[in-house]
There are 2 protein chains.
Amino acid sequence: MDGKPGLRERKKQRTHAAISDAAITLFLEHGFNQVSVAQVAEAAEVSKRTLFAYFPTKEDLVVHRLADHETELARVVRARPPGTAPLTAVREHFLEGLRERDPITGLNDHPQVRRLHRMILDAPSLMARMERFKTGAERALAQALRETADTPELTARLAAVQIVAVHWALAQDNAERLAYGEPADKRHAGAVADAAHAFALLENGLRHLPPRQ
Amino acid sequence: MDGKPGLRERKKQRTHAAISDAAITLFLEHGFNQVSVAQVAEAAEVSKRTLFAYFPTKEDLVVHRLADHETELARVVRARPPGTAPLTAVREHFLEGLRERDPITGLNDHPQVRRLHRMILDAPSLMARMERFKTGAERALAQALRETADTPELTARLAAVQIVAVHWALAQDNAERLAYGEPADKRHAGAVADAAHAFALLENGLRHLPPRQ
DNA sequence: GAGTAAATGTATACCAGGTGCAGAAATCCT
DNA sequence: AGGATTTCTGCACCTGGTATACATTTACTC
């Protein structure tokens, strides 16, 4: 079908990859804030202007790799088998991610991934970018809920923000622990237990939070 | 006790206020992105360097006014009367905020406030700053829950992110509706109903989300 | 009240991220 | 091969933010 992307298209893809690779390499080696976009452009043998034609901001040089995951929860909810509740689908998907050490769960300890996570955790501008990411995930998930669970607008939005917030909190907790040394295999059991607890809380609500005595 | 703040202190406060006022005035008139910090400094009759001594970033010129609210939910939870569940305290506080048209609920339609909200909603960098704000609110609330509800670390964090996310979603929804014209009095009933629904969802959990049929 | 230490403010120059523009170079199409 | 179109580049420029080195003001002490 796409056997002929055309030279122009192929070259664009190669340039895109070259810039991204140069950026990641330099950032991992010297730190995100220590490397300027001019240096990245030079390393990728491209002008600064061209770099910004491919990546709108410096942060995107890092975050574009996660772009697919922005709609991941929405896709999971849409693809759930008949009879399955949205939350069940999300929970199972997350547990599977933990098993497979999917980086999105924070439970991948390959050195590259660990350094990448540490880099993001340490750079405020990258964390800010991740928040925008969360916002996109909320919107996509809300729409999926509306369309596949016959849920009113407000309920869908509220459920979406809760699910995304919890999902992110779990992943971030894992990533933080692994970023500074804890091995994934050692963390796995705890991560599963935490996820089970978190999704139970999400399902059953906060009404059991202890009152002031 | 503090009858003598000292000349230096008073002058600092006046400078702080002068810069903030100049900034808000210019931003509301011409838009956040259309006004440079240099212009703000000039209007406040202060050097650029001094401006940055008072406000670390351009965004802080706007957002510093909300700084107190960052720990508001935490304070509400701490101050709840004995026998009250944390969520109840937060809900009652929010409903009271709606009644009083507290800008933090998004339900204040004074022209100044409305334009301010619209400005924030429209400027991505300001929204990003608000997200950081949310993160701070989450941390503070989690700590309050841990300390006053004898809640384990993880539960406190998860409850906090859910509560803050829902609280923010409600406020933002109100602000968006008012920003472009809907009067607060007209929106009030709907806002109350939405809040009731949202807190019920938070209390009872998402387990009733419809499965795929 | 004069003099001095500490705190604040200023001017200037600078850096980095990001954009606008005019023209060169590569690609595509016939 | 050659013109139309897209992409890349170099350059100048703007803005947010910081470093340095110096001037000014306030507070404190005698």
Side-chain angles (χ1 to χ4, degrees), chain A residues 2-20 22-24 26-27 30-64 119-120 122-129 132, chain B residues 2-20 22-24 26-27 30-64 119-120 122-129 132:
Chain A
D2 52 22
K4 283 270 177 315
L7 175 56
R8 194 168 261 167
E9 207 53 37
R10 270 177 292 149
K11 219 165 187 178
K12 259 170 90 166
Q13 289 178 14
R14 270 194 296 131
T15 304
H16 186 95
I19 296 173
S20 173
I24 296 289
L26 286 174
F27 289 157
H30 303 108
F32 184 74
N33 290 315
Q34 277 59 56
V35 178
S36 72
V37 294
Q39 288 175 277
V40 174
E42 195 181 4
E45 295 182 305
V46 150
S47 78
K48 203 176 87 173
R49 207 64 186 71
T50 299
L51 186 153
F52 280 114
Y54 282 86
F55 300 91
T57 71
K58 186 184 183 184
E59 287 72 32
D60 283 293
L61 288 167
V62 175
V63 173
H64 79 99
M119 188 177 99
I120 294 174
D122 287 349
S125 69
L126 284 174
M127 284 301 277
R129 191 64 179 67
R132 264 188 55 197
Chain B
D2 52 23
K4 282 273 178 314
L7 175 55
R8 193 167 264 170
E9 207 53 37
R10 271 177 290 150
K11 219 168 188 178
K12 259 170 89 167
Q13 289 177 13
R14 270 195 295 131
T15 305
H16 185 95
I19 296 173
S20 173
I24 295 289
L26 286 175
F27 290 157
H30 303 107
F32 183 73
N33 290 316
Q34 277 60 57
V35 178
S36 72
V37 294
Q39 288 174 280
V40 174
E42 194 181 4
E45 295 181 306
V46 149
S47 80
K48 203 176 87 172
R49 203 69 183 65
T50 298
L51 185 152
F52 280 114
Y54 281 86
F55 300 92
T57 71
K58 187 184 183 184
E59 287 72 32
D60 283 292
L61 288 167
V62 175
V63 174
H64 79 100
M119 187 176 99
I120 294 175
D122 287 349
S125 69
L126 284 174
M127 285 300 277
R129 191 64 180 68
R132 263 187 57 196

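Naming: A, B, ... by sequence-line order, numbering from 1 per chain. Everything numeric here is computed off the predicted structure, so don't read it as measured data.
- Partners of B/Phe27 under the ring pair (Phe, Tyr, Trp, His ring centres under 6.0 Å) rule, at least two apart in sequence or in another chain, are B/Phe32.
- Taking atom CD on B/Glu45 and atom P on C/dA11, their separation rounds to 12 Å, with Å as the unit.
- Heavy-atom contacts from other residues, nucleotides or ligands closer than 6.0 Å to CD of A/Glu45 number 12 or fewer.
- Regarding B/Asn33, its CG atom lies at a distance of 13 Å from the C1' atom of D/dC14, rounded to whole Å.
- The distance from atom CZ of B/Phe52 to atom P of C/dC14 is 19 Å, rounded to the nearest whole Å.
- The base of C/dG18 is paired with the side chain of A/Lys48 by a donor and an acceptor separated by under 3.5 Å.
- Counting heavy atoms from C-beta outward, A/Asp60 and A/Arg129 have side chains that approach closer than 4.5 Å.
- Within the 3.5 Å criterion, the main-chain N or O of B/Lys11 finds a donor-acceptor partner in the side chain of B/Thr15.
- Listed pair A/Tyr54 / D/dC8 meets the phosphate criterion, a side-chain N or O lying under 4.0 Å from OP1 or OP2.
- If you check C/dT10, D/dG16, D/dG17 against the side chain of B/Thr57, the one that comes closest is D/dG17.
- Residue B/Thr50 has its side chain nearest to C/dG9 when only C/dG18, C/dG9, C/dT8 are considered.
- In this structure, B/Ile19 places its CD1 atom 13 Å from P of C/dT8, rounding to the nearest Å.
- The phosphate of D/dT15 has neither OP1 nor OP2 within less than 4.0 Å of any side-chain N or O from B/Lys58.
- Residue B/Arg49 places its side chain closer to C/dA11 than to any other of C/dA11, C/dT8, D/dC8.
- Between the C1' atom of D/dC14 and the CD atom of B/Gln39 lies a distance of 12 Å, rounded to the nearest Å.
- Per the geometry, CG belonging to B/Leu51 stands 10 Å off P belonging to D/dG17, to the nearest Å.
- Atom CD of A/Gln39 has more than 12 neighbouring heavy atoms from other residues, nucleotides or ligands inside a 6.0 Å radius.
- The residue among A/Lys11 and A/Ala38 whose nearest nucleotide of DNA chain C is located toward the 5' end is A/Ala38.
- For the pair A/Arg129 CZ and C/dG18 P, the interatomic distance rounds to 11 Å; values are reported in whole Å.
- Here the C1' atom of nucleotide C/dG17 and the CZ atom of A/Phe32 are 10 Å apart, to the nearest Å.
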